[in-house]
Structure formats: structure tokens, C-alpha cells
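One structure is given here, and the rest of the page talks about it.
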Number of protein chains: 2
Amino acid sequence: MKLEKITEQEKAGPKRRYDDACAVAHGMDLIGDRWAFLVMRELMLGPKRFSDIREGLAGISANVLTQRLEGLEESGIIRRRRLPPPVSAQVYELTPWGQESAMVMRVLARWAARSPGHDPSLPFSAVSLALSLRTMFEPARAGDMTARIVFETEQETLVATLAAGALKVVRGETGEADVTVAGPPRAVAAAIYGGVPAADLIATGELKVAGDMAVLSRFVTLFPLPDKVESGG
Amino acid sequence: MKLEKITEQEKAGPKRRYDDACAVAHGMDLIGDRWAFLVMRELMLGPKRFSDIREGLAGISANVLTQRLEGLEESGIIRRRRLPPPVSAQVYELTPWGQESAMVMRVLARWAARSPGHDPSLPFSAVSLALSLRTMFEPARAGDMTARIVFETEQETLVATLAAGALKVVRGETGEADVTVAGPPRAVAAAIYGGVPAADLIATGELKVAGDMAVLSRFVTLFPLPDKVESGG
DNA sequence: CTGTATCCGTGTTGATACTG
DNA sequence: CAGTATCAACACGGATACAG
């Protein structure tokens, strides 16, 4: 009976979209489905496999992730690629246009960071840490500082390279560094955004630091958060 | 039996949020609910009443709009205000912080406008037209041009003021203008973004124009759309 | 007239279990 | 590892009825 492959859903896919030519509405059609934008976030540092995406998205279920990946691929935001034989795995990656959504993410994050309802005590992943560094970096504060800092978390290793007033944050690459910081992303965030002295975090065992502490001490001052909105709104 | 007003939902409001400290996730908590960002869009030109918001949002139902307004107010993005007695009506308006989401909207719109899936033939409102003008305006093309153009649509009257390389688009104000354009937002968009000569639109009766046609002819060239992504992605 | 509340059919989401 | 199947809970949209 499976010969009759009924493809009803193909012909009438009345997905719930906004019926609006406005580019804002179309933008929300693209990224507004639940989890969609966070799936894109997970891919911002490079290609990932299904399971790795899922690991970074606490709470998403497999079927929803499948749907979102299909939708994002259909929209041209991501593509799936099969890695060459040595590792026979499939990965998802942003298309060039998909990568340009980084600007949307950045502006949204800077706006949302000012929200009275933003709760920094919630879970925080390595990918989020990397993106937040890119987002909150203030070149003016860096001056001519040069540094290479490695962040080792349970999930990922991040390398931040500061040179010529620009900051690059990528994942993976190991290599020599001025400082190596090991610990959960939350603890790193506490040092950078929470104003908690690195020494305290080391003392409590939350962070382990090897290398030039002075570089780290200065580095953590380069990421000022935008001001919160006053209670009046 | 209605004496026992059970308020279970109040104490445990397990609204579906992302459990994530990442500012991107929080941003989607704020604007990601269906219709939420478009409700904000409707308020970008100034305060509006419930019914007027709803008119700009074809397809939204009254109960959903009520929920969104509550949610946005609780988030500190909008506030409700009661107009003084002469007009005993309630209006909704963006808070100062809510207005700053205009930047998010702008970047999202510019990114989404490049989407292969963007369909400009869908319904298009006066608010969307106003915002798109703000979004796509290219100051470099304006040079030292000065103009005041009035767009009269069925729903709203918009006034675009170009001076000193800056464009202001507001609603309401009538006043003298170099050109007055009357017709549906779609037709105006066709002239500005679709490259359709204004003369054609006048000939077919889609637009009515009074005043200096030369000003209009130049004005429509100031809003280049970002390039679409090539089919390859 | 301006919202708000309730009922209801339907589609989407999310948790668990399961298959290639 | 990479999804699919199933099912319960919820959100959405439409209609209607109600309150100021």
C-alpha cells in the first residue's frame, strides 16, 4: 500500500506566514519560527552536525529541529553538506546570505541586552559566549593592544585574537596563546560582563587560568554592556 | 460557583521562553511571539488604538492582539495611555526603549529584502511604506536635494521631508508640499522599488499626482534595494 | 465604539519512544 | 548518529458574546 505515496502536503503547504510584502514581516517569516534563529546562532561559528546543534539548544526536540533545518534550507539560509568519506557525517552550515544574518543578530542582541527582563543567570553556552564577545567588543577600548586568548570550555575551545583594533573569535584551533582560560562559559561571562575579578573566580575554582594574567585583566575590560533601560521604560 | 476565582495561571505562568542567557535568545523571547514584532511595527509611526493596530495586521484575531499587547507591555516595550477626555480612547505606544527596536527592524528588513522568497506582490500597508522609505533611503544619492512630498493613501497620510541629506517620514501632518501623490501604497512602492515609471502609474489611474513631477522623478531614485542573493545561495 | 472574555476547530509544538 | 512516529498540550484564528 505504500505505492500510493500521497503527497497532499506538498501541493497545499499553507504554512502559517504573514501575508505581507513588508520586509520586516518577511524577515519574521524567515527567522520567527520557534527555535529558528537559535539554530542559525548555533551555526554562526561554522558547520555543525544534527546532534551538536541539538546539544546547544536545551529543550528543542528532534522533530522540531528536523522541521527547522528543512525550513531554513528551503529558505536558502542554511545548506546541508555531506563530509568526505573519512568522516561519513552530514553537517549543516549557513549559506553566505545566512551568515549575513550576523548583523541582525548583533543588533538584536545589543537591543535585548538592555531589557529589564534579561536574566544573565540562565544557562549560557560556548557559542553564545563567542558571539557575545564579537557583539560587545568595543574597538576604542582596545587601542593597539594585541593578544591571543584561548577559552577552554567543556563543549568547545574558542580562540580570541585581538590585533589592529579588531577582534576575531573562532572555534577549534589550538595554538600558542598569551593566556588560556578554562571553565564554564558562565564563569567567563561573570569576569567579562559581571565585573567579577578573575582572581575571585580562580580562587573559587570556577576558572583556571594559565599564562599572562595582566593580558586577561585588560582583555575583560573591552566589552562594555549597553546601559539597561531605566525602570520608567 | 464563580466565587472561587481560581488564579492558577497567575502564579505559574510557564510562558514558553528560551531558557538561555544569550541576548539573542532573550531578544527572540521579546519579539519572537507570532505577530509581536509586527505589532511593534504598527506603532513605529506613533501611538495607535486597538482597532487601528488590528486594521494594519490582516489576519490577527482580537484575542491574540490582546495577548501580544499585554506581553509587550509587560516587557516594557510598549505602554498604554488613556487620552484626555475629549477623546475617551486608549492608545498604545512604544516606550523609548521600544522605539530603539527600529534599528533591529531596519537591519532585519535589509537582510530579508535580499531573500529569494520575498514576494513584493503581497499586501502592503502605509505603515510599511513609511518604514521602508526610512530603511532604504540612501543619503549619498540625495546630495543636497530638498523636498517635501505627501503620500495620501486610503488609510494614512504620510509626509516625507528631505533636507540636508536626511529623510524624515511621519504621518498625519498636512501642509504644503512639492508633490502630492495619491494612491495605494503598492503603487507607490512600484514606482520607488519596482522601477515602474510614475507616468505609467498615472496613466493607468493607479496613482494621482499633483505638483512638481520632476521632484517625484528624482525622489524615487533615492531608495535602492539591496541586491538579491544569487540562486546559488 | 473599543476593547475583552469564552468557546471551539485546527495546526504547531514538545516529550517519549522507536527505527535505519 | 540522524532522524521518524506517536500523542498530549498548547497556541492560533474565527466567531460570538459581553463590558465600559
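Keep in mind that this is a model prediction, so the values were computed, not measured. First the proteins, then the strands, lettered A, B, ... as listed; each starts at 1.
Judged as a side-chain contact (heavy atoms from CB on, under 4.5 Å), and not counting sequence neighbours, the contacts of B:V107 are A:M103, A:V104, A:V107. By the side-chain contact (heavy atoms from CB on, under 4.5 Å) test, A:R114 pairs with A:P226, A:V229, B:W97, B:E100, sequence neighbours left out. The side chain to side chain donor-acceptor pair (under 3.5 Å) test applied to B:S101 returns no partner, not counting sequence neighbours. Taking A:E206 as the reference, A:T204 meet the side chain to side chain donor-acceptor pair (under 3.5 Å) condition, with sequence neighbours excluded.
One atom, CD of B:Q67, and another, P of C:dA5, lie 10 Å apart when rounded to the nearest Å. Atoms CG (B:D33) and P (D:dC10) sit 16 Å apart, rounded to a whole Å. Per the geometry, CG belonging to A:L65 stands 18 Å off P belonging to C:dT12, to the nearest Å. Here D:dG3 presents its P atom at 15 Å from CG of A:L57, a figure rounded to the nearest Å. Between A:R17 atom CZ and D:dC12 atom P the separation is 14 Å, expressed in whole Å. Protein atom CG of B:D19 is 17 Å distant from nucleotide atom C1' of C:dT13, rounded to whole Å. Rounded to a whole Å, the CD atom of A:E70 is 15 Å from the P atom of D:dA2. Straight-line distance from the CZ atom of B:R81 to the C1' atom of C:dG3: 18 Å, rounded to whole Å.
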Report, one line per pair, each donor and acceptor closer than 3.5 Å where one atom sits in a side chain of residues 179-187 of chain A; sequence neighbours left out.
unit_1	atom_1	unit_2	atom_2	d
A:R186	NH1	A:S121	O	2.8

Do any side-chain atoms of residues 27-34 of chain B form donor-acceptor pairs under 3.5 angstrom with protein atoms, and if so which ones, sequence neighbours left out?
unit_1	atom_1	unit_2	atom_2	d
B:D29	OD1	B:Y18	N	3.0
B:D33	OD1	B:R17	NH2	3.3
B:D33	OD2	B:R17	NH2	3.1

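Screening residues 67-78 of chain B for side-chain hydrogen bond (donor to acceptor under 3.5 Å, both in side chains), with sequence neighbours left out, gives B:E73-B:R80. The list of salt bridge (Lys or Arg N to Asp or Glu O under 4.0 Å) pairs with a residue in residues 54-63 of chain B, not counting sequence neighbours, is empty.
Annotation for B:K168: atom NZ does not count as buried by contact number, only 12 or fewer foreign heavy atoms lying within 6.0 Å.
Side chains of B:L65 and B:I53 form a contact here, defined as non-hydrogen atoms less than 4.5 Å apart.
Interatomic distance, A:L158 CG to A:R171 CZ, rounded to the nearest 0.5 Å: 9.5 Å. A:H26 NE2 to B:D119 CG: the interatomic distance, rounded to the nearest 0.5 Å, is 9.0 Å. Atom CG of A:L72 is separated from atom OG1 of A:T95 by 10.0 Å, given to the nearest 0.5 angstrom. Here A:L38 contributes atom CG and A:L43 contributes atom CG; the two are 11.0 Å apart, rounded to the nearest 0.5 Å.
Residue A:Y92 places at least one side-chain N or O under 4.0 Å from the OP1 or OP2 atom of D:dG3. When the side-chain nitrogen and oxygen atoms of B:R82 are compared with OP1 and OP2 of C:dG3, none of them lie within a distance under 4.0 Å.
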Tell me, for nucleotides 13-20 of chain D in 5' to 3' order, what letter each nucleotide earns: B for a base near a protein heavy atom under 4.0 Å, S for only sugar-phosphate near one, - for neither?
BB------
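Over its full length, the helix from C:dC1-D:dG20 to C:dG20-D:dC1 turns its helical axis through 30°, comparing axes from the five pairs at each end and rounding to 10°.
Contacts of residues 44-51 of chain A with DNA chain C (heavy atom under 4.0 Å): none.
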Might you list the N or O atoms of the protein lying below 3.5 Å from N or O atoms in nucleotides 18-20 of chain C, with each pair's distance?
none

